[in-house]
Amino acid sequence: MKIELLYFGRPGERLNISRETVDVPEGLSTLAGLLAWLRARGENWERELADNRVRCAINQEFSGLTATINEHDEIAIFSPISGG
Amino acid sequence: MSVSIQEHDFDLAAEQVALRSSSSKAGALVSFVGLVRDFSNDGKIDNIFLEHYPGMTEKALEKIIHQAANRWNLLGVRVIHRIGELHPNDQIVLVATTALHRGEAFAGCEFIIDYLKTAAPFWKKEQTGQGAKWLETRDSDMQRMEHWQNCTTGK
């Protein structure tokens with residue numbers, strides 16, 4: 001299943017990535033599962049994408065970690081927001 | 001009702017003129033301008049860097065404005081948020097509202113900036129002598145936003 005990933009704020013900077021297309025393994029169906037899969041990429045990923053350090057959006061709507069992901073979703077991973 | 005996200009500065013006076021010219025029914029115009037402070041817990045701020053999520057940020061702001069406009073019968077709303085590198089004393093954000101009366105214009109303006117801080121995807125990085133630090137949503141900002149949800153008296 002192919003999905004589009006976007007990174008903003010601290011994880012984007014620390015992992016030096018702004019976007020990528022990934023093909024996630026069969027059976028991976030939630031944001032929590034996606035983050036766990038990405039964390040397996042290495043120590044930096046494990047630290048920066050810890051569940052309590054990041055927030056997510058699916059197709060430009062804020063979403064909790066139990067939310068379901070689908071083929072071709074645009075999924076953003078970022079640190080807690082701080083505008084204004 | 002219009003939203004701009006831009007790197008360049010804005011002219012407060014010109015924005016106020018444009019907003020009041022757009023409705024002759026308005027009896028009140030309120031504007032809020034957020035500025036870059038020169039201090040933080042980590043000391044003197046050299047600059048800040050603001051990032052946003054193109055597409056989602058505009059959508060989130062339009063939703064917030066729509067809620068405010070309905071709740072307080074706002075006649076006009078203008079929101080400008082700057083991105084990129086900013087320095088102490090620079091303008092960061094403008095929220096301006098017009099309404100028939102001042103109470104609605106004040107409340108609508110305050111609601112929009114309080115919601116913007118907790119529901120619009122912007123990220124702010126502070127650069128001080130101690131290094132760079134990404135800021136996170138403050139508890140006090142969450143409480144201000146929740147106040148509007150729990151506010152059952154009046155509007």
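Because only heavy atoms are used, hydrogens play no part in the values below, and waters and symmetry mates are left out as well, while side chains stay in. Residue numbering restarts at 1 for every chain, and letters A, B, ... go by the order of the sequence lines.
Between Phe8(A) and Trp123(B), the ring-plane angle classifies as parallel under the 30° and 60° cut-offs.
Proximity to chain A (any heavy atom under 4.5 Å) is shown, for Thr57(B), by neither the backbone nor the side chain. Looking at Glu51(B), the atoms closer than 4.5 Å to chain A (heavy atoms on both sides) all sit in the side chain, from C-beta outward. Both the backbone and the side chain of Leu135(B) come within less than 4.5 Å of a heavy atom in chain A. Contact annotation for Lys117(B): both backbone and side-chain heavy atoms come within less than 4.5 Å of a heavy atom of chain A. With a 4.5 Å cut-off on non-hydrogen atoms, Glu13(A) touches chain B through its side chain but not through its backbone.
Within 6.0 Å of atom CZ in Phe10(B), more than 12 heavy atoms from other residues, nucleotides or ligands are found, so the atom counts as buried in its surroundings. Remark: Arg37(B) CZ is loosely packed, at most 12 non-hydrogen atoms of other residues, nucleotides or ligands lying under 6.0 Å away. No more than 12 heavy atoms of other residues, nucleotides or ligands lie within 6.0 Å of CD in Glu7(B), so this atom counts as exposed by the packing criterion. Shown here is Arg138(B), whose CZ atom has no more than 12 heavy atoms of other residues, nucleotides or ligands within 6.0 Å. Within a 6.0 Å radius of CD in Glu43(A), no more than 12 heavy atoms belonging to other residues, nucleotides or ligands are found. Within 6.0 Å of atom CD in Glu61(A), 12 or fewer heavy atoms from other residues, nucleotides or ligands are found, so the atom counts as exposed in its surroundings. The number of heavy atoms from other shown groups lying within 6.0 Å of CZ (Arg39(A)) is above 12. Within 6.0 Å of CG on Asn70(B) lie more than 12 heavy atoms contributed by other residues, nucleotides or ligands.
With chain A as partner, the option from Phe122(B), Tyr53(B), Phe49(B) having the largest number of non-hydrogen pairs under 4.5 angstrom is Tyr53(B). For the set Lys125(B), Arg82(B), Lys133(B), the count of heavy-atom pairs under 4.5 angstrom toward chain A peaks at Lys125(B). Note on Ala57(A), Gly12(A), Gly83(A): by heavy-atom pairs under 4.5 Å with chain B, the leading option is Gly83(A).
Separating the CD atom in Glu136(B) from the CZ atom in Arg55(A) is a distance of 7.0 Å, to the nearest 0.5 Å. Separation of atoms OG (Ser82(A)) and CG (Leu50(B)) is listed at 7.5 Å; rounding is to 0.5 Å.
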